[in-house]
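In what follows, a structure is listed as structure tokens, so that the remarks can point back to it.
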Amino acid sequence: MNLHLTSTIQLPEHKLRRQVIDLCNHVGKPLLKLSTKDYVDNNLGHLVEQFDGQAGLVNIEVFNELQHTITGWPGGKPGVDDTYRPERAQPYPKRVIVFSPHPDDDVISMGGTIRRLMQQHHDVHIAYETSGNIAVGDEEVSRFMHFINGFNTIFANGSDEVIKHSYQSVKNFLRNKKPGDLDNGNILRLKGLIRRGEARLACSYNGIQSDHIHFLDLPFYESGRIEKLPLQEEDVRIVQQLLAEVRPHQVYVAADLADPHGTHRVCTDAVLAAIEEERLAGAAWVSDCRVWMYRGAWAEWDVADIEMCVPMSPEELREKRNAILRHQSQMESAPFLGNDERLFWQRAEDRNRDTARRYDDLGLACYEAMEAFVEYKF
């Protein structure tokens, strides 16, 4: 079983597109305004020669390539010619699995696309690959414990001995916890429960049914430390079981390999290895499935790499923010915001707006924001 597939991910070459976009950025012009002189002066005259000596034909070729990446129908638009669309029209509706390494990467990275898929009546599943429990601050546990204690007082007259004992046990642990101490099993389970609740709220906001929310709790993550355990076959088997059950036409995976703690890379390895296992086992669904890679809070695809770009209006961007904000434990108090002082919703909006700006600078349609994807080739 190949457990290191992200090391073999090959980005699309798109050589012509890449050269012409670099030229646009260098001379400060949109695509359709590049002249033969621009090409010749920057040692790209051979590109013009390949298009019958007409710079305009080069420009149009690359312009059309990028134009065809833009779609408001990430699941494919039924009943239309899909020759130049990034996703096929049929089957419709599609079964979709969005794999989210942590319980908020789905809405941070592709919240607008998820809402669009739901609005267009696709069968969308969200699979949270890890519990995300180490990224919850102790104060969040205290807040929920106060609520539980109050709930017990109001509705059970404080008579539940299990709750009283557990409350005191957790309270004592947190009171005596010193910097650098690891959480015990109960605290980790409570923190995981908090993140599950937030994920359910965000999914509900996006219209996703509870039976389409999957918490995989992959074992590699449950070290209780920042450093994770190695990916094992059991992690892959858990993912493979969900894939075999849903038999998706579309899979979305995190390719945010800049994730400083490596969780995204391991989660993507698990998904790609599971798909490969299904393919080797002869599962028919694999041949009719496309895998789309997204990036998240740390980086975005280069425009030359993008193969599907989903635009958002100002209202749609606000709806994406609202879903991210359901993950309250990951706002100001989140332990792993990193060196970037922006909150996750701010990073997401800045990134999506920047993608739209880059398309606009190249002379394409000007949108408020865009979410970008690259197709993974088996």
Side-chain angles (χ1 to χ4, degrees), residues 10-72 74 84-86 108-110 112-113 255-258 292-318 320-321 339-342 345-375:
Q10 297 295 318
L11 293 180
E13 186 174 4
H14 297 317
K15 186 175 180 180
L16 175 64
R17 183 196 302 184
R18 196 175 307 278
Q19 290 176 300
V20 176
I21 290 174
D22 286 345
L23 177 60
C24 287
N25 294 332
H26 179 68
V27 300
K29 289 183 179 181
L31 282 165
L32 298 181
K33 289 191 176 183
L34 292 175
S35 67
T36 299
K37 186 176 186 300
D38 292 323
Y39 284 97
V40 172
D41 288 350
N42 290 278
N43 300 313
L44 292 174
H46 61 282
L47 298 182
V48 178
E49 293 173 5
Q50 292 171 19
F51 284 79
D52 298 327
Q54 299 184 54
L57 294 181
V58 186
N59 300 344
I60 285 289
E61 176 72 18
V62 177
F63 182 91
N64 286 339
E65 273 192 32
L66 288 178
Q67 182 67 35
H68 294 153
T69 67
I70 303 172
T71 181
Y84 297 109
R85 290 178 172 270
I108 289 173
S109 304
M110 53 174 292
T113 301
D256 215 348
L257 306 186
W292 292 99
M293 301 185 291
Y294 63 80
R295 285 186 169 172
W298 290 278
E300 183 55 282
W301 297 113
D302 188 277
V303 171
D305 295 324
I306 295 172
E307 295 181 308
M308 179 165 71
C309 212
V310 180
M312 289 180 283
S313 67
E315 290 76 17
E316 288 168 328
L317 186 61
R318 190 177 307 117
K320 172 175 177 170
R321 180 200 303 178
N339 295 326
D340 191 334
E341 294 184 357
R342 295 173 300 166
W345 69 265
Q346 293 171 321
R347 299 186 202 190
E349 290 192 4
D350 289 348
R351 178 171 54 87
N352 295 156
R353 285 195 174 107
D354 184 63
T355 301
R357 179 194 57 77
R358 287 187 287 163
Y359 268 72
D360 181 32
D361 287 347
L362 292 170
L364 290 107
C366 180
Y367 292 98
E368 176 71 12
M370 303 174 96
E371 292 175 337
F373 304 87
V374 172
E375 185 178 358

Output yes when [X] and [Y] qualify as a salt bridge under the 4.0 Å nitrogen-oxygen rule, no when they do not.
X    : Y    : answer
D305 : R18  : yes
K320 : E316 : no
D354 : R358 : yes

Compare every heavy atom of [Y] with every heavy atom of [X], then report the nearest pair and how far apart it is.
X    : Y    : answer
P30  : C24  : C-SG, 4.0 Å
K33  : K29  : O-CD, 3.6 Å
M293 : W301 : O-NE1, 3.2 Å
G363 : F63  : O-CE1, 3.5 Å
A372 : I306 : CB-CD1, 3.5 Å
V310 : P74  : CG2-CB, 3.9 Å

Side-chain contact test, heavy atoms from C-beta onward, threshold under 4.5 Å: evaluate it for [X] versus [Y] and give yes or no.
X    : Y    : value
E368 : M312 : no
I21  : L66  : yes
T113 : F373 : yes
L16  : V58  : yes
W292 : V374 : no
L364 : L31  : yes
Y367 : I70  : yes
T71  : P86  : yes

Between [X] and [Y] (side chain of the first, backbone of the second, donor and acceptor by atom type, cut-off under 3.5 Å), is there such a pair?
X    : Y    : result
D302 : A304 : yes
R321 : W345 : no
H68  : N64  : yes
N352 : M370 : yes
E307 : E375 : yes
R17  : V62  : no
T69  : E65  : no

[X] [atom1] to [Y] [atom2] distance, which is reported to the nearest 0.5 Å:
X    : Y    : atom1 : atom2 : value
D22  : L44  : CG    : CG    : 9.0 Å
D361 : N25  : CG    : CG    : 8.0 Å
R295 : S109 : CZ    : OG    : 11.0 Å
R357 : L362 : CZ    : CG    : 9.5 Å

task = Check step by step if side chain to side chain contact (heavy atoms under 4.5 Å, CB included) holds for V40 and V48.
result = CA-CA 8 Å; V40 172; V48 178; 5.8 Å; no
note = Residues pairing under side-chain hydrogen bond (donor to acceptor under 3.5 Å, both in side chains) where one sits in residues 46-60, two or more places apart or in two chains, turn out to be Y39-N59
ask   = Between D38 and S35, is any side-chain donor less than 3.5 angstrom from a side-chain acceptor?
value = yes
ask   = CD of E13: more than 12 outside heavy atoms within 6.0 angstrom?
value = no
